[in-house]
Amino acid sequence: MSLTFTTPYTEAPAPALAPRERETLRHIAAGRTYLQTARHMGLSMHTVDAYLRRIRAKLNINSTAELTRLAISLGL
């Protein structure tokens with residue numbers, strides 16, 4: 001299932017997030033640190049950081065607060 005939505009900064013639909021990007025976003029929005037997220041997902045902190053940078057780039061989001069708001073609005 002692919003999610004498509006608009007960001008507060010664009011009129012056009014934003015690119016869909018990959019399943020691991022959505023999972024990473026869900027953990028960060030739940031208040032987990034990069035290290036906790038990495039351990040839970042079996043990844044390195046570098047990989048978690050890369051996923052979050054990709055999400056921010058795809059959706060033109062600049063802060064963790066905005067990522068959290070997005071996750072809540074998507075029901076993650």
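The analysis underlying the following values was restricted to heavy atoms, covering all of them including side chains, and did not include hydrogens, waters or symmetry mates. Bear in mind that the values here come from a model prediction, so they are computed numbers and not experimental data.
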Can you name the residues that form a side-chain hydrogen bond (donor to acceptor under 3.5 Å, both in side chains) with T64, not counting sequence neighbours? R56
According to side-chain contact (heavy atoms from CB on, under 4.5 Å), who are the partners of S63, at least two apart in sequence or on a separate chain? A65, E66
Working to the nearest 0.5 Å, report the span between CE of M45 and OG1 of T33. 7.0 Å
Which residues satisfy the side-chain contact (heavy atoms from CB on, under 4.5 Å) test with R54, sequence neighbours excluded? E21, Y51
If I compare all heavy atoms of A71 with all of L25, which pair ends up nearest, and what's the gap? CB-CG, 3.9 Å
Which salt bridge (Lys or Arg N to Asp or Glu O under 4.0 Å) pairs, counting each pair once, include a residue from residues 32-49, with sequence neighbours left out? D49-R53
Atom of V48, atom of T24 and distance for their closest heavy-atom approach: CG1-CG2, 4.0 Å
Using the test salt bridge (charged side-chain N to carboxylate O under 4.0 Å, His left out), find all partners of R20 that sit at least two apart in sequence or belong to another chain. E23
Any pair with a residue in residues 25-48 that passes ring-ring contact (aromatic ring centres under 6.0 Å, His included), sequence neighbours left out, goes on the list, sorted by first then second residue, please. H27-H40
